[in-house]
Asker: 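Have a look at this one.
Order of appearance sets the numbers: ligands from 1, and atoms from 1 within every ligand.
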Amino acid sequence: MTFTKRLAISALALASVFALSACTDSGAGSPTSAPVASAPEFAAGTTMAKLADAGSITIGTKFDQPLFGLKGPDGTPVGFDVEIGKLIAGKLGISADNIKWVETVSANREPFIQNGQVDMVVATYTINDKRKEVVDFAGPYYQAGQDLLVLAGNPDKITGPKDLAGKKVCTVSGSTSEKNIAAYTTDIIATDTYSNCLGPLRSGEVAAVTTDNVILAGLADQNAGQFEVVDKPFTEEPYGIGLMKDDTEFRTFINDTLEEAYADGSWAAAWESTAGKVLETPTPPAVNRY
Ligand code: GLU
């Protein structure tokens with residue numbers, strides 16, 4: 001891992017907000033144990049009071065995205081999104097053992113929040129105006145950018161989305177990636193999860209997989225030597241925590257928690273124990289209390 005980061009610093013850090021890995025480790029790292037508040041007090045009737053009283057929380061995350069949310073052998077997910085979830089739960093007095101993790105794929109995040117199937121979603125979830133019509137977002141807590149994953153050696157010499165004209169690409173339904181790439185090609189396979197796109201890329205059915213650079217970097221790291229990230233992000237993807245629309249108190253509480261985690265080092269520790277095994281530690285983005 002050290003090799004990867006050293007390589008990244010020398011060769012790529014100046015060119016990119018993130019660095020790619022060629023190492024064989026899954027890169028998931030050992031999760032930190034987020035501090036758990038003892039008997040925190042919240043105003044009656046708030047979501048915080050309800051969750052703290054229940055002593056448990058249900059969080060939606062990805063289960064197939066190395067570095068951010070990847071289901072481990074014991075059934076619980078690991079990754080940076082998972083650590084962000086634990087930090088928020090900890091402030092509610094809820095330990096990691098009392099978090100119920102539910103897999104959310106890109107297309108079902110809004111309905112899962114709207115139907116109350118999850119209390120919040122931390123799942124590489126881009127904040128945008130369309131989604132804000134039906135859910136609210138705390139954050140952002142990370143800023144990604146859409147990119148392309150190609151076969152190692154880049155046989156089609158793809159340097160950006162413009163090179164995809166007339167070529168087939170794989171992405172995920174309901175993602176911003178699907179929407180954004182439609183401006184460049186109409187030949188799109190849209191599946192449920194990004195890991196489903198790796199088979200078509202290996203077989204040559206598609207020329208590229210597209211989504212956020214950090215998701216692609218995790219998949220490249222997990223499949224060492226097989227793929228490479230083009231590393232020319234062409235969109236901005238601010239990651240937010242999705243929650244029930246108009247629950248302003250809960251949104252403010254999560255935003256406060258993120259700012260505290262920026263200030264006390266727990267955000268950086270969460271990064272370093274997960275995505276930071278492969279990617280450089282970024283500066284956290286300013287929280288947007290819209
Ligand atoms: N961040 C983008 C989105 O929220 C792409 C990654 C994903 O599908 O989770 O749609």
Asker: Counting from 1, what ligand 1 atoms have a heavy atom of Y239 closer than 4.0 Å?
Answerer: 1 (N)
Asker: Could you tell me whether the side chain of D147 and the main chain of K232 form a donor-acceptor pair under 3.5 Å?
Answerer: yes
Asker: Name the closest protein heavy atom to atom 10 (O) of ligand 1, giving the residue it belongs to and the distance to 0.1 Å.
Answerer: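 Nearest protein contact, heavy atoms only, for atom 10 (O) of ligand 1 is T176 N, 2.8 Å.
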Asker: With heavy atoms under 4.0 Å as the rule, classify the contact between A123 and ligand 1 as side chain, backbone, both or neither.
Answerer: backbone
Asker: Could you tell me, atom by atom, which parts of ligand 1 come under 4.0 Å of a heavy atom of T211?
Answerer: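 Listed by number with element, the hits are 5 (C), 6 (C).
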Asker: Between F42 and F253, what is the ring plane arrangement, given parallel below 30°, perpendicular above 60°, and tilted in between?
Answerer: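 The arrangement is perpendicular - the two ring planes meet at more than 60°.
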Asker: Check whether any side-chain heavy atom of I189 lies under 4.5 Å from a side-chain heavy atom of V206, and answer yes or no.
Answerer: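 Result yes, sub-4.5 Å side-chain heavy-atom pair found.
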Asker: Nearest heavy-atom pair of K167 and T185: which atoms, and what distance?
Answerer: O-OG1, 2.9 Å
Asker: Is it true that Y125 and F137 have ring centroids separated by less than 6.0 Å?
Answerer: yes
Asker: Nearest heavy atom to atom 8 (O) of ligand 1 wins, so pick from Y142, Y194, Y125, F68.
Answerer: Y194
Asker: N/O to N/O below 3.5 Å, does that happen between S177 and ligand 1?
Answerer: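 No.
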Asker: Would you mind checking which non-hydrogen protein atom is closest to atom 5 (C) of ligand 1, with the distance to 0.1 Å?
Answerer: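 Scanning the protein heavy atoms, the shortest distance from atom 5 (C) of ligand 1 goes to D212 OD2, 3.3 Å.
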Asker: For the residue pair Y142 and W271, categorise the inter-ring angle as parallel (less than 30°), tilted (30 to 60°) or perpendicular (more than 60°).
Answerer: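 Aromatic pair Y142/W271 classed parallel.
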Asker: Side chain, backbone, both or neither: which part of R131 has a heavy atom under 4.0 Å from ligand 1?
Answerer: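 Just the side chain.
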Asker: Per the side-chain hydrogen bond (donor to acceptor under 3.5 Å, both in side chains) rule, which among T210, N213, D212 passes with Q146?
Answerer: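 Of the listed residues T210, N213, D212, the side-chain hydrogen bond (donor to acceptor under 3.5 Å, both in side chains) partner of Q146 is T210.
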Asker: For R109, is at least one N or O under 3.5 Å away from an N or O on ligand 1?
Answerer: yes
Asker: Taking 4.0 angstrom as the limit and counting only heavy atoms of S175, give me the atoms of ligand 1 inside it, by number and element.
Answerer: 8 (O), 10 (O)
Asker: Is ligand 1 under 4.0 Å from a heavy atom in the side chain of V172, in the backbone, in both, or in neither?
Answerer: neither
Asker: State whether E259 and R289 are salt-bridged, where the test is any N-O pair (Lys NZ or Arg NE/NH1/NH2 against Asp/Glu carboxylate O) under 4.0 Å.
Answerer: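 Looking at R289 together with E259, the answer is yes, because their closest N to O distance falls below 4.0 Å.
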Asker: At a 4.0 Å threshold, what atoms of ligand 1 neighbour a non-hydrogen atom of I215?
Answerer: 6 (C)
Asker: Hey, what do you get for CD (Q226) to CZ (R202), rounding to the nearest 0.5 Å?
Answerer: 4.5 Å
Asker: Would you say D156's side chain and I158's backbone share a donor-acceptor pair under 3.5 angstrom?
Answerer: no
Asker: Record the part of K62 in heavy-atom contact with ligand 1 below 4.0 Å; permitted values are side chain, backbone, both and neither.
Answerer: side chain
Asker: Answer with side chain, backbone, both or neither: which part of T126 has a heavy atom less than 4.0 angstrom from an atom of ligand 1?
Answerer: both
Asker: Would one find an N or O of S106, backbone or side chain, under 3.5 Å from an N or O of ligand 1?
Answerer: yes
